Amino acid sequence: MSFAKAQDLIRLARLAATRRTGIGLDEICEEFGVSHRTAQRMTDALASDGYGLTENMEEADLVLLNTCHIREKAAEKVYSELGRIRKLKEERAVDGHELLIGVTGCVAQAEGREILRRAPAVDLVVGSQTYHRLPSVVQRARAGEKIVETDYAVEDKFEHLPQPARSVVRHRGVTAFLTVQEGCDKFCTFCVVPYTRGSEISRPVSQIVAEAERLAEAGVREVTLLGQNVNAWHGEGPSGKEWGLGELLFRLAEIPGLARLRYTTSHPRDMSDALIRAHRDLPQLMPYLHLPVQAGSDRILKAMNRKHTAEDYLRLIERIREARPDIALSGDFIVGFPGETDEDFDDTMRLIREVNYAQAFSFKYSPRPGTPGAGMSNHVAETVKDERLQELQALLTEQQRAFARSLVGTEMDVLVEKPGREAGQIVGRSPWLQPVVIDAELGDIGDIIRVRIGNAGSNSLFAESMNPHIPMREGLV
Ligand code: 5AD
Ligand code: SF4
């Protein structure tokens, strides 16, 4: 389980844009923990106005503070970060340069105009629904206007998704995200997404297929379909009949060059028969599924408004595993939801043992203003949440390690993504999303190569070296 990754998700992210320099988006993302998808969208939207990414905040003309609500006390942290950026703005002004400050994402959506009131140095506030308006907002801000854009877009916002140039796609690498769905109608009682992202909207089949074809033509080998509730995606197919995600995956699998398909994040209620069939019949659909259950107690699941029981979830997993026996499961868990007793928590631990996860993200419940959970009376003490989280994470870590160990000695196909950290190495992904370190001699970026796993580290797998001069990295699990 990549807890570091889970924390990245909730970290404040900073994206600096400048007209002068351009560097790889991945580096920025890894450095600041920006969600790739959002950062890509924002940079794509601004690229036509001559903005490129810079590593160096000091030389930026525009700093966007991209924010996520999942983080505790997110708004307060945004204000303290803004204090720091304001100082930078003042220093730049002394040198005769103008630095614009923008706040984007969930906190921008939720706080809106309040941000300008509390942090007057901010020039623009753009909510999570309105990234496509960034270029015009930035232009107006440059002309001196203070702007707050947090209205939900009534028009089809997918039509406004910026199309990255082919050269940009190639530079980004051989894997890509493709948004097919946004928003959520499930209203889990702990979650802000239905309020900040609005109700479910699906992108039409024709648009998705066209974008996937463009990506494939530009050299992308693996596409991950994205949506807050991706398996609730539905759209009109070519013959007028409505398609679900299963049918869409069958169609995308026909695109030449696209060797791997993935999708995330799914809700157990929306795992249709066609989607399970896609797992059975499509070799391109990778055997890895992120299917959050959140808790293992029916009482808590009901209070969370998850609309399924633990038994429903377990039977579903059974059916998915029947269809695709080598599938690895990943999930999200919340400990300490209001009213959670020791017995409820034990139910969660039991469910985890029964499923046996390859990877998972876990969180202490934290009340989100405006959600039903926040108004519940029986909140769990922080110390109890801490203990439960530790216990749960220890089990999940052990399961993740056992999964990695079980792959040592087996052969698998790896999609090579980038050069390794050390000379003579390349790094790819296993079908189960683990990084695999390989001798550079064995293949090139974009290749799918068959390797035998020689060793498993805490986060990566190491392919058997064909070259005796290249040492294996240590770090046995
Ligand atoms: N408290 C803790 N975790 C939460 N998540 C969403 N809202 C909250 C909250 N209020 C977690 C869920 C979700 C993941 C993206 O974040 O597990 O699946
Ligand atoms: Fe939030 Fe996911 Fe529940 Fe929707 S399904 S409300 S996004 S946790």
Side-chain angles (χ1 to χ4, degrees), residues 1-3 5-11 33 35 37-38 67-75 105-107 109-110 128-129 179-202 226-233 245 263-271 289-297 300-308 312-313 316 329-340 345 348 351-352 355 357 359-376 379-380 382 384-386 388-389 392-393 396:
M1 211 117 17
S2 166
F3 297 116
K5 205 164 150 210
Q7 271 151 15
D8 270 359
L9 258 181
I10 58 175
R11 255 176 65 192
S35 114
R37 178 176 55 123
T38 313
T67 62
C68 181
H69 224 118
I70 293 172
R71 175 187 186 113
E72 272 174 87
K73 303 198 183 74
C106 297
V107 174
Q109 188 76 44
S128 32
Q129 302 289 310
T179 300
V180 299
Q181 181 277 339
E182 282 199 355
C184 181
D185 295 335
K186 294 284 189 295
F187 288 94
C188 300
T189 53
F190 52 82
C191 184
V192 287
V193 167
Y195 310 98
T196 55
R197 295 297 178 114
S199 56
E200 277 177 23
I201 309 179
S202 291
L226 286 180
Q228 262 96 39
N229 218 181
V230 72
N231 58 346
W233 176 90
L245 194 68
Y263 60 94
T264 198
T265 285
S266 297
H267 191 288
R269 286 272 298 216
D270 295 315
M271 285 303 298
L289 178 61
H290 183 64
L291 194 61
V293 64
Q294 312 293 356
S297 145
I300 296 300
L301 287 169
K302 191 156 199 284
M304 287 177 163
N305 192 31
R306 289 289 295 178
K307 304 188 175 86
H308 61 77
D312 293 337
Y313 181 80
L316 178 60
L329 269 303
S330 149
D332 291 343
F333 295 92
I334 296 178
V335 298
F337 187 78
E340 186 185 72
F345 176 66
T348 301
L351 179 140
I352 293 173
V355 172
Y357 287 90
Q359 159 111 30
F361 301 99
S362 42
F363 310 89
K364 281 191 291 182
Y365 172 72
S366 89
R368 301 282 179 256
T371 58
M376 292 180 184
H379 284 267
V380 173
E382 279 305 305
V384 175
K385 288 187 203 171
D386 284 331
R388 289 181 187 165
L389 188 67
L392 181 128
Q393 290 189 340
L396 289 168

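Counting convention: from 1, in listed order, for ligands and their atoms alike. The structure presented is a predicted model; accordingly, all values stated were derived computationally and were not measured.
- Looking at Lys385 and Glu340, their side chains never come closer than 4.5 Å, going by heavy atoms from C-beta outward.
- Across all their heavy atoms, Val380 and Phe337 have their closest contact at CG2-O, 3.5 Å.
- Here Tyr313 pairs with nothing under the ring pair (Phe, Tyr, Trp, His ring centres under 6.0 Å) rule; sequence neighbours left out.
- Ranked by closest heavy atom to atom 2 (C) of ligand 1, the top entry among Lys364, His290, Arg368 is Lys364.
- Distances from atom 9 (C) of ligand 1 to the heavy atoms of Ser366, Pro367, Gly336 put Ser366 nearest.
- Atoms of the protein (N, O or S only) found under 2.8 Å from atom 3 (Fe) of ligand 2 are Cys188 SG.
- A side-chain contact (heavy atoms from CB on, under 4.5 Å) with His267 is found for exactly one of Val293, Leu291, Asn229, namely Asn229.
- A salt bridge links Glu382 with Lys364: at least one charged nitrogen is closer than 4.0 Å to a carboxylate oxygen.
- Of the listed options Lys385, Met304, Gln294, His267, Gln294 places a heavy atom closest to atom 17 (O) of ligand 1.
- Counting only heavy atoms, the protein never gets under 4.0 Å from atom 2 (Fe) of ligand 2.
- Around atom NZ of Lys307, more than 12 heavy atoms belonging to other residues, nucleotides or ligands sit under 6.0 Å away.
- With ring centers used as reference points, Phe190 lies 6.0 Å or more from Phe363.
- Near Tyr365, meaning under 4.0 Å from one of its heavy atoms, ligand 1 places the atoms 1 (N), 2 (C), 10 (N).
- Of the heavy atoms in Phe190, both backbone and side-chain atoms come closer than 4.0 Å to ligand 1.
- Salt-bridge formation is not detected for the pair Asp312/Arg306: no Lys NZ or Arg NE/NH1/NH2 atom is positioned less than 4.0 Å from an Asp or Glu carboxylate oxygen.
- Scanning all heavy atoms of the two residues, the minimum distance from Val230 to Ser266 falls at CG1-OG, 3.8 Å.
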